[in-house]
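Let me begin by presenting the structure, written as structure tokens, before commenting on it.
From a predicted model like this one, the values you see are computed outputs, not experimental measurements.
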Amino acid sequence: QVQLVESGGGLVQAGGSLRLSCSASGRTFSTYAMGWFRQAPGKGREFVAGFSYTGGNTYYADSVKGRFTISRDNAVKTAYLQMNSLQAEDTAVYYCAADRFGPGTNNEYAYDYWGQGTQVTVSS
């Protein structure tokens, strides 16, 4: 089992950057695919980015390609989402999720563990 805690959200102007962190508990972090999802007010949850548990495959939503980068550091059991060139449409609550031995794709139902979310607000 793993527990996830996101941090790094906040208020930023359009064009700015933020880096979200997702810290995990447990001893088997390296066996989990990690994904980032977001949910804007009045909308459903959508996939943002993910990578397989091996780290060999990464996936991005078209809306964030070229602007967001997902990464992980197994030594400190943390996943990151670097967000650059932020736009007002990126405003949402961002969640990280974990799927043991998973592919890290956009299927939210494959992820077994979720963090509590961190708010990102981009002012235009």
Side-chain angles (χ1 to χ4, degrees):
Q1 190 169 357
V2 64
Q3 292 183 324
L4 305 173
V5 178
E6 303 96 337
S7 61
L11 174 65
V12 63
Q13 289 187 332
S17 298
L18 282 174
R19 188 177 80 157
L20 304 183
S21 299
C22 174
S23 298
S25 65
R27 296 178 293 177
T28 57
F29 177 75
S30 62
T31 66
Y32 286 87
M34 299 300 295
W36 286 95
F37 291 78
R38 68 186 181 185
Q39 187 166 19
K43 295 187 178 181
R45 189 159 55 190
E46 67 171 347
F47 173 77
V48 176
F51 49 60
S52 60
Y53 80 96
T54 64
N57 294 302
T58 57
Y59 305 92
Y60 294 93
D62 289 343
S63 59
V64 307
K65 279 181 183 176
R67 300 189 298 122
F68 291 11
T69 303
I70 189 171
S71 62
R72 69 189 298 163
D73 185 340
N74 288 339
V76 294
K77 295 185 289 185
T78 302
Y80 303 98
L81 184 68
Q82 177 67 43
M83 306 186 295
N84 299 328
S85 302
L86 283 161
Q87 305 166 358
E89 305 83 76
D90 297 315
T91 294
V93 177
Y94 283 71
Y95 300 90
C96 66
D99 172 22
R100 194 161 195 204
F101 299 124
T105 57
N106 61 353
N107 179 10
E108 66 175 294
Y109 299 105
Y111 293 85
D112 301 309
Y113 304 100
W114 293 80
Q116 83 290 349
T118 186
Q119 176 71 47
V120 172
T121 303
V122 184
S123 63
S124 57

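Although no hydrogens or angles enter the test, the distance criterion places no donor-acceptor pair under 3.5 Å between the side chain of Ser21 and the main chain of Ser7.
Summarising the hydrophobic clusters (Ile, Leu, Val, Met, Phe, Trp, Tyr; side-chain heavy atoms under 4.5 Å, direct or chained), the residues clustered with Met83 are Val2, Leu4, Val12, Leu18, Leu20, Phe29, Tyr32, Met34, Trp36, Val48, Phe51, Tyr60, Val64, Phe68, Ile70, Leu81, Leu86, Tyr94, Tyr113, Val120, Val122.
In terms of heavy atoms, Ser85 sits closest to Ser17 at N-OG, 4.3 Å. When all heavy atoms of Gly102 and Ala33 are compared, the pair lying nearest together is O-CB, 3.2 Å. Across all non-hydrogen atoms, the minimal contact from Thr118 to Gly9 is OG1-N, 3.2 Å. Nearest heavy atom pair, residue Asn74 against residue Ser30, reads ND2-CB, 3.6 Å.
To the nearest 0.5 Å, atoms OG1 (Thr105) and CG (Asn57) are separated by 10.0 Å. Note that OH of Tyr53 is 8.5 Å distant from OG1 of Thr31, once rounded to the nearest 0.5 Å. In this structure, the separation between CD on Gln3 and OG on Ser23 is 12.0 Å, given to the nearest 0.5 Å.
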Determine, step by step, whether Trp114 and Arg45 satisfy the side chain to side chain contact (heavy atoms under 4.5 Å, CB included) criterion, reporting the C-alpha distance in whole Å, the side-chain angles of both residues, the deciding distance to 0.1 Å, and the verdict.
CA-CA 12 Å; Trp114 293 80; Arg45 189 159 55 190; 3.6 Å; yes
Residues Tyr95, Gln39; criterion side chain to side chain contact (heavy atoms under 4.5 Å, CB included); working and verdict
CA-CA 8 Å; Tyr95 300 90; Gln39 187 166 19; 4.2 Å; yes
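Looking at Asn84 and Gln82, their side chains do bring a donor and an acceptor atom within 3.5 Å of each other. Using a 3.5 Å distance cut-off with no hydrogens or angles, the side chains of Thr121 and Gln119 do pair a donor with an acceptor.
Two residues are said to be in side-chain contact when any heavy atoms from C-beta on lie closer than 4.5 Å; Pro103 and Asn107 fail this criterion. Side-chain contact check for Glu6 versus Gln116: some heavy-atom pair is nearer than 4.5 Å.
Counting only residues at least two apart or in different chains, salt bridge (Lys or Arg N to Asp or Glu O under 4.0 Å) contacts with residues 68-97 comprise Arg38-Asp90, Arg67-Asp90.
Listed by chain and residue number, nothing satisfies the side-chain hydrogen bond (donor to acceptor under 3.5 Å, both in side chains) test with Thr58 (two or more places apart in sequence, or in another chain).
Between Phe47 and Phe37, the gap from one ring centroid to the other is short of 6.0 Å.
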